[in-house]
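Note sheet for the following structure.
Nothing here was measured: the structure is a model prediction, and the numbers come from that model. Letters A, B, ... mirror the listed sequences (proteins, then strands); counts begin at 1.
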Amino acid sequence: MTLSHVVRGVDHAAFPTFAPKETIHFYRDVLGFPVVHATCALGWGPAQHPDFIHFFFDIGQGDRLAFFYYFGVEPYRDGAVPELIARARHLALHVETEDDLLEYRRRLDASDWPCELQVRHETVESVYVTDPNGYLIEFARPLRAITREDDIDADLSVDALLAVADEERPSLERFYQIKAELIAERYAEEPARVSLV
Amino acid sequence: MTVLYVLDIDDFRPLAVAAAADPAVTVGRRGPYLEVSAAGPIAIDRAATGCRNAIWYSSVAAVRGGRIARWDRDGMLIEPVDSGE
């Protein structure tokens, strides 16, 4: 049975901030993201942090990036989070064109938070910056369209990942083997020889 | 038999073309994949593919009957293994 797929993107992604001033400056004044909503709650939160402001920036298409600022709470930063984890957790914002990507890079480079890395990945080109809260933010523009072939391949990859994750010592080498078996199974007919000349 | 699968799209097709420079290599198609096969090893010269970094390092879809013995900035070598089949 295929489950109906009716979600429509991101309503909002929310993060705590202990630097509201820098956060507002970065998102509103440097990047130009409009402030679109703010909930100011006196005594609404739990006893440890009853007063907070939950403020939202428009990140396009009605999607929003939100922050919580809690009054009277000591700033906290988890120094124990390994770099690998800190960099893997990130928010990637979509832009359509190279010009748009470079425009955000230009805004960053003219600020106190310059672009840290610009890289052409497989299907997107990205610009990275760490925001005033230490969160990794990416801007990404498509390098090519995602095709039906990509989707089929992704399906087989996650099936192979499910299988290899059950093994005692998962490895990419085993993943490639399992995926090859899945490909041969799914397309069992003898392969037609092709000419690539 | 050493078998390498790459997705048959513009990004990854050059790997199959480069591998096929060796007459011992044959290329077939399975669904959306190119199936690159050889009785012995499969060697691919990175320069012959023209692949930029991210494409090169994401080019392998799957490998059967072999293991990737080398995959660096200059090339890829897939060596046959006894799969016990």
Within this structure, what is the CD-OG distance for the pair A:Glu122 and B:Ser59, rounded to the nearest 0.5 Å?
10.5 Å
Interface moiety of A:Ala160 toward chain B, non-hydrogen atoms closer than 4.5 Å
neither
Please check if A:Tyr128 and A:Phe26 belong to a single hydrophobic cluster, counting links between Ile, Leu, Val, Met, Phe, Trp and Tyr side chain heavy atoms closer than 4.5 Å.
no
In one Ile/Leu/Val/Met/Phe/Trp/Tyr side-chain cluster, 4.5 Å: A:Phe67, A:Phe71
yes
Quick one: CG on A:Asp150 to CD1 on B:Ile9, what's the gap to the nearest 0.5 Å?
4.5 Å
Enumerate the side chain to side chain donor-acceptor pair (under 3.5 Å) contacts for residues 164-173 of chain A, please, sequence neighbours excluded, ordered by first and then second residue.
A:Glu167-A:Arg174
Please look at A:Arg144 and chain B and tell me whether the side chain, the backbone, both or neither of the residue comes under 4.5 angstrom of a heavy atom of that chain.
side chain
Residues 22-38 of chain B vs chain A, non-hydrogen distance cutoff under 4.5 Å, contacting residues -> B:Thr26, B:Val27, B:Gly28, B:Arg29, B:Arg30, B:Gly31, B:Pro32, B:Tyr33, B:Leu34, B:Glu35
Taking every non-hydrogen atom, the tightest pair across A:Arg120 and B:Arg52:
O-NH1, 3.2 Å
What closest approach, in Å, do A:Ala180 and B:Ala62 show between heavy atoms, and which atom pair accounts for it?
N-CB, 3.4 Å
Is A:Ile59 reachable from A:Val35 through a run of hydrophobic residues whose side-chain heavy atoms are each under 4.5 Å from the next?
yes
Sequence-distant partners of A:Asp109, salt bridge (charged side-chain N to carboxylate O under 4.0 Å, His left out), two or more places apart:
A:Arg105
Would you tabulate the side-chain donor-acceptor contacts of residues 5-13 of chain A under 3.5 Å, counting partners in other chains and residues two or more places apart, or write 'none'?
unit_1, atom_1, unit_2, atom_2, d
A:Asp11, OD1, A:Arg64, NH2, 2.6

So, the part of B:Val60 with a heavy atom under 4.5 Å from chain A: the answer is both
According to a hydrophobic-cluster definition based on side-chain heavy atoms being under 4.5 Å apart (Ile, Leu, Val, Met, Phe, Trp, Tyr only), do A:Leu91 and A:Leu136 belong together?
no
Does CD belonging to A:Glu189 count more than 12 external heavy atoms closer than 6.0 Å?
yes
Looking at A:Ile152, A:Asp153, A:Leu182, which makes the most heavy-atom pairs under 4.5 Å with chain B?
A:Asp153
Sidechain-backbone polar pair: A:Lys179 side chain, B:Ala61 backbone, donor-acceptor under 3.5 Å
yes
Linking I/L/V/M/F/W/Y whenever any side-chain heavy atoms sit under 4.5 Å apart, do A:Leu143 and B:Tyr57 land together?
no
Atom group of A:Ile178 that falls short of 4.5 Å from chain B, counting heavy atoms
neither
